[in-house]
Amino acid sequence: MTYYADHQPTSGLRAPRAALDSDAPRLDLGGDWRFRLLPEADGPVEFATPAYDDTGWDTLPVPAHWPLHGHGAPAYTNVVYPFPLDPPHPPTDNPTGDYRCVFDLPADWAGEDVVLRFDGVDSCARVWLNGAELGMFTGSRLPAEFDVGALLRSGRNVLAVRVHQWSAGSYLEDQDMWWLPGIFRPVTLLVRPTGGLDDVFVHADFDHTTGLGTLRVDTPVPATVAVPGLGLAAVPTGAPVTVPVRPWSAENPTLYDATVTSSGETVRLRIGFRTVSIVDGVLLVNGEPLHLRGVNRHEFHPDHGRALPVETMREDVLLMKRHNINAVRTSHYPPHPAFLDLCDEYGLWVIDECDLETHGFTFVGWRNNPSADESWRESYLDRMRRTVERDKNHPSIVLWSLGNESHTGSNLAAMADWTRDRDPSRPVHYEGDADCAYVDVHSRMYATHEETERFSHGPLPFVQCEYAHAMGNGPGGLAEYVALFDENPGCAGGFVWEWIDHGLRHPVHEFAYGGDYDEPVHDGNFVIDGLLFPDRTPSPGLLDVHKAYEPVAFAFTGDQVTITPKRGDLSRLRFEWTLPDGSTGTLRVPPGGGGAALPEWPAFTGETWLTVRAVLSVDTPWAPAGHEVAWAQHLLAAAPDVPTTPTSVRPQRTDEGISFGPAEFDRRGQLTTFAGIPVGAPRLDLWRAPTDNDRGARLHETWSAVGLHRLTHRLDAVDVGDTLVTRVRVAPAGTDRGVRVTYEWTPVGDGLLLGVHLEPEGDWPEPVARIAVCLTLPPELDRVRWYGPGPGESYPDTGFANRVGTFESTVDELATPYVRPQENGRRGEVRHATVTDATGRGLRITGLPRFGLGLTRWTPAVLDAARHRVELTPGSTVELSLDAGHQGIGTASCGPGTLPSYELFLREQTFSVLLEQA
Ligand code: IPT
């Protein structure tokens with residue numbers, strides 16, 4: 001069988017070994033290589049000969065994915081394979097990239113042993129050096145090394161690589177992401193000195209009962225270890241040494257610089273001491289329960305795909321640390337090795353996952369799934385070996401993961417056995433082992449809140465390797481999950497799905513998702529499900545993660561606040577209080593946490609919130625002093641009731657209609673102007689532009705079946721008396737259910753109180769999207785100032801990262817830039833707001849007591865019809881919506897829907913707002 005259609009995963013490779021920082025010379029071969037793309041796998045191989053004339057070829061940067069450089073196109077599928085299932089055969093249509101790299105051998109390398117290393121080639125490479133074939137490999141996100149010393153020549157050398165997009169290996173790489181072939185990680189030549197250290201295995205345990213660390217470094221040749229920070233000078237490798245150390249943790253990632261020296265080579269290491277154990281069903285590190293407050297991270301950049309610049313990796317780590325994230329699952333493959341160095345350095349617990357997924361076999365009932373087919377055994381073991389051997393020296397890695405969504409089978413069990421044997425210091429994770437027959441922790445994805453509670457009571461430690469699917473608006477229900485994690489030591493925590501939207505920058509669509517490259521098989525915007533927008537701007541979901549993952553808890557009682565560390569200690573935190581008037585002070589908090597007295601304040605008038613903040617007291621490597629880590633608000637004085645006593649102003653019939661205080665109405669009692677500003681009459685609306693989570697819950701279908709998006713409004717009566725009352729029956733066509741709506745205008749102060757009474761007719765068993773009245777405003781009324789939670793959007797089960805205060809924004813800035821347009825930008829629990837033009841002319845709206853505020857340049861229908869933001873054309877009006885409630889958001893795009901307490905049902909009710917001139 002041809003190599004690319006063979007179960008044999010590699011040929012000609014050296015044994016896998018650790019990624020090492022050595023003093024031996026190295027040469028980065030990255031740069032512009034010669035490149036041509038062929039449509040099939042078996043093109044002529046003459047290009048591998050050094051004399052081949054490649055002047056007609058294109059150039060392509062290495063590392064990169066060729067579809068992002070004008071050759072072919074990216075394609076996105078989640079579960080389904082984009083080729084027929086006939087393992088191990090790839091399709092004949094098999095984009096194949098031929099690469100040529102000409103390099104000069106450094107003059108002093110002559111005669112040295114040299115290794116050629118590839119850090120990542122998607123999906124199958126065949127390699128020649130100076131015309132001699134070296135071998136082939138699959139395993140896109142895994143290292144591959146060849147011995148090449150004997151083939152190198154002084155002066156000009158020619159490396160030729162043929163890369164197939166599809167191979168037998170593709171059956172094992174069905175991860176939910178773009179299919180992006182190419183040499184996308186570095187290619188390096190490494191001198192291997194005589195007597196060098198081919199491999200190093202660091203064992204650095206910490207005994208929390210004694211404070212002693214035990215270090216043993218294993219090497220294949222005799223060598224000595226020096227750790228100056230521990231006073232260790234020349235400890236022979238293989239021999240354990242026990243000394244007092246500071247342990248490594250995500251909160252305090254103490255690393256000791258070390259060198260390992262053999263007769264031919266010195267390797268630099270950064271050693272972290274920690275011990276992972278499982279005791280009574282609790283996952284422990286250094287004797288303490290592990291609290292994984294994590295995210296799943298794919299490698300992604302909107303311009304470079306998975307060929308990430310190291311600076312982007314650092315940006316990811318810094319953003320995670322700044323948002324209280326303390327753990328990463330490297331879904332669903334080992335990351336670029338530099339990312340793990342950053343996790344060691346800045347402090348993130350890591351589940352390092354093998355490059356493995358066969359999810360699409362689910363569509364044939366897992367028939368012929370490679371996980372249970374022995375002919376794939378070596379491929380599975382090869383992938384795990386290359387993962388563990390490369391990454392074994394990282395203190396940040398606390399669990400090995402066999403892969404993702406590959407069902408179950410003996411090959412997975414064999415991987416687990418091999419791993420435990422090779423590295424007994426880390427437990428094995430794999431979510432697909434439902435019976436926990438060969439794993440050490442019980443892992444589930446998208447468990448409900450109820451299951452999370454239930455699974456947290458053993459016998460194995462429970463972890464949610466994926467939860468809180470961050471697709472589009474959301475995730476809802478996050479706070480409730482994290483509360484369950486916090487309460488249950490048997491639950492080690494979870495990893496939000498996922499870190500970043502994989503939107504590829506696109507000339508027309510701004511950010512592309514599945515289908516935007518005319519893929520015949522694709523999964524649409526399911527790849528847009530991150531806490532970061534594609535350009536790495538935090539979404540509201542990430543701000544909620546920051547709040548939910550806070551490492552400190554606050555409890556207010558009487559005149560004090562009790563502060564409790566949840567993870568780490570308080571040593572680098574300062575606690576501050578602030579009042580709305582700007583006054584501020586520092587709290588004296590006992591070093592280990594406890595009660596801190598609050599100052600005495602004079603009595604407050606009006607709603608007053610105290611804000612207590614935990615900020616960094618010192619610069620840290622990941623954020624400067626003053627960075628806010630945690631906060632809470634406490635109500636010091638409640639809002640007085642809004643006065644609603646009617647004045648004696650009466651509605652007056654005029655030639656044109658009805659004049660009533662600041663407002664004009666037409667003859668049918670429909671508002672036409674307020675304070676001289678053209679304002680459309682309020683109309684009940686029960687629909688919203690469905691969110692991705694609404695779609696997942698099929699609520700969009702329910703709502704369109706009922707006709708919520710096409711309500712009709714029949715005016716039944718206009719009563720002009722002390723107040724102005726209009727009675728309207730609101731109902732969708734084709735059914736006998738509806739809502740009797742009474743809009744009553746009452747003069748209060750200089751304004752008008754609008755009371756909206758709803759009386760459903762017939763059954764309304766399903767949740768409605770929102771209960772709102774909508775009014776149109778002139779387009780220049782685009783400034784808003786409100787008092788309530790802010791500054792971000794909020795829905796009943798999201799937006800808890802907001803705090804109560806006064807905020808200002810504009811219609812355009814209120815909108816949250818979800819890649820796939822959907823309901824967004826609402827501000828919940830607003831007490832009062834003004835909507836004005838640039839001169840300050842406009843409306844003031846006061847809730848009785850609160851309302852949800854929406855302000856957009858498009859209707860929900862326009863929002864719903866758009867597939868990308870660039871398709872949203874502003875209308876000629878500003879749409880103002882004042883809601884009495886919104887259906888919660890939930891995470892049904894993948895996972896459970898809205899918790900019952902956040903569901904919105906239509907019931908008889910009245911809600912009121914006071915409208916005044918701003
Ligand atoms: C789960 C996958 O593990 C993950 O890769 C991603 O696809 C996620 O779903 C959804 O975005 S699998 C799902 C069918 C539970």
Side-chain angles (χ1 to χ4, degrees), residues 75-82 140-141 172-180 294-300 306 328-335 351-366 369 371 401-408 412 429-434 439 443-448 451-452 463-478 481 494-503 513-515 521-532 534 539 541 691-693 695-698 818-820 890-897:
Y76 164 60
T77 61
N78 172 12
V79 179
V80 67
Y81 286 91
S140 297
R141 271 70 56 173
L172 310 184
E173 297 181 355
D174 188 31
Q175 291 94 337
D176 174 13
M177 60 191 191
W178 293 100
W179 297 95
L180 287 174
V295 289
N296 282 278
R297 175 181 178 272
H298 268 288
E299 297 183 307
F300 185 75
R306 288 186 287 277
V328 190
R329 173 175 177 235
T330 69
S331 52
H332 302 300
Y333 42 81
I351 299 186
D352 193 13
E353 191 149 275
C354 187
D355 190 356
L356 176 68
E357 174 157 345
T358 67
H359 204 166
F361 282 87
T362 187
F363 292 123
V364 295
W366 298 104
N369 179 29
S371 301
S401 177
L402 306 180
N404 185 59
E405 290 280 8
S406 304
H407 203 233
T408 192
L412 289 154
H429 165 275
Y430 174 61
E431 184 269 349
D433 180 16
V439 293
S443 176
R444 286 284 302 266
M445 48 173 74
Y446 309 104
T448 63
E451 289 168 326
T452 303
V463 61
Q464 284 231 64
C465 66
E466 296 175 22
Y467 82 109
H469 193 249
M471 185 178 184
N473 188 335
L478 177 70
Y481 275 116
F495 297 79
V496 169
W497 187 268
E498 67 175 306
W499 177 235
I500 184 167
D501 288 345
H502 312 206
Y513 52 79
V521 183
H522 68 83
D523 285 297
N525 65 323
F526 215 64
V527 79
I528 306 290
D529 53 0
L531 295 169
L532 293 177
S539 76
T691 64
D692 293 316
N693 288 312
R695 288 174 196 281
R698 305 213 161 272
Y818 294 114
V819 171
R820 164 69 159 95
T891 60
S893 53
C894 187

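Indexing begins at 1, ligand by ligand and atom by atom, following the structure's order.
- Atoms of ligand 1 found under 4.0 Å from any heavy atom of Asp529 (numbered from 1 in listed order, with element): 11 (O).
- At least one heavy atom of His332 sits closer than 4.0 Å to an atom of ligand 1.
- Under a 4.0 Å criterion applied to the non-hydrogen atoms of Met445, ligand 1 contributes the atoms 1 (C), 3 (O), 12 (S), 15 (C).
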Test log, rule ring-ring contact (aromatic ring centres under 6.0 Å, His included), inputs Phe300 and His502: CA-CA 6 Å; Phe300 185 75; His502 312 206; 5.1 Å; yes
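- Of all atoms in ligand 1, listed by their number and element, those nearer than 4.0 Å to a heavy atom of Glu466 are 1 (C), 2 (C), 3 (O), 4 (C), 8 (C), 9 (O).
- By the 4.0 Å N-to-carboxylate-O rule, Arg329 lies close enough to Glu466 to be salt-bridged with it.
- Taking any N or O of Glu357, backbone or side chain, none lies under 3.5 Å from an N or O belonging to ligand 1.
- Protein heavy atom at the shortest distance from atom 13 (C) of ligand 1 is Cys894 SG, 3.8 Å.
- Thr452 and Gln464 share a side-chain donor-acceptor pair at under 3.5 Å.
- The closest side-chain donor-acceptor pair between Asn693 and Thr891, if any, does not fall under 3.5 angstrom.
- When hydrogens are left out, the protein atom nearest atom 14 (C) of ligand 1 is His359 CE1, 3.8 Å; that is the closest non-hydrogen contact.
- Listed by number with element, the atoms of ligand 1 under 4.0 Å from a non-hydrogen atom of Tyr446 are 1 (C), 8 (C), 9 (O), 10 (C), 15 (C).
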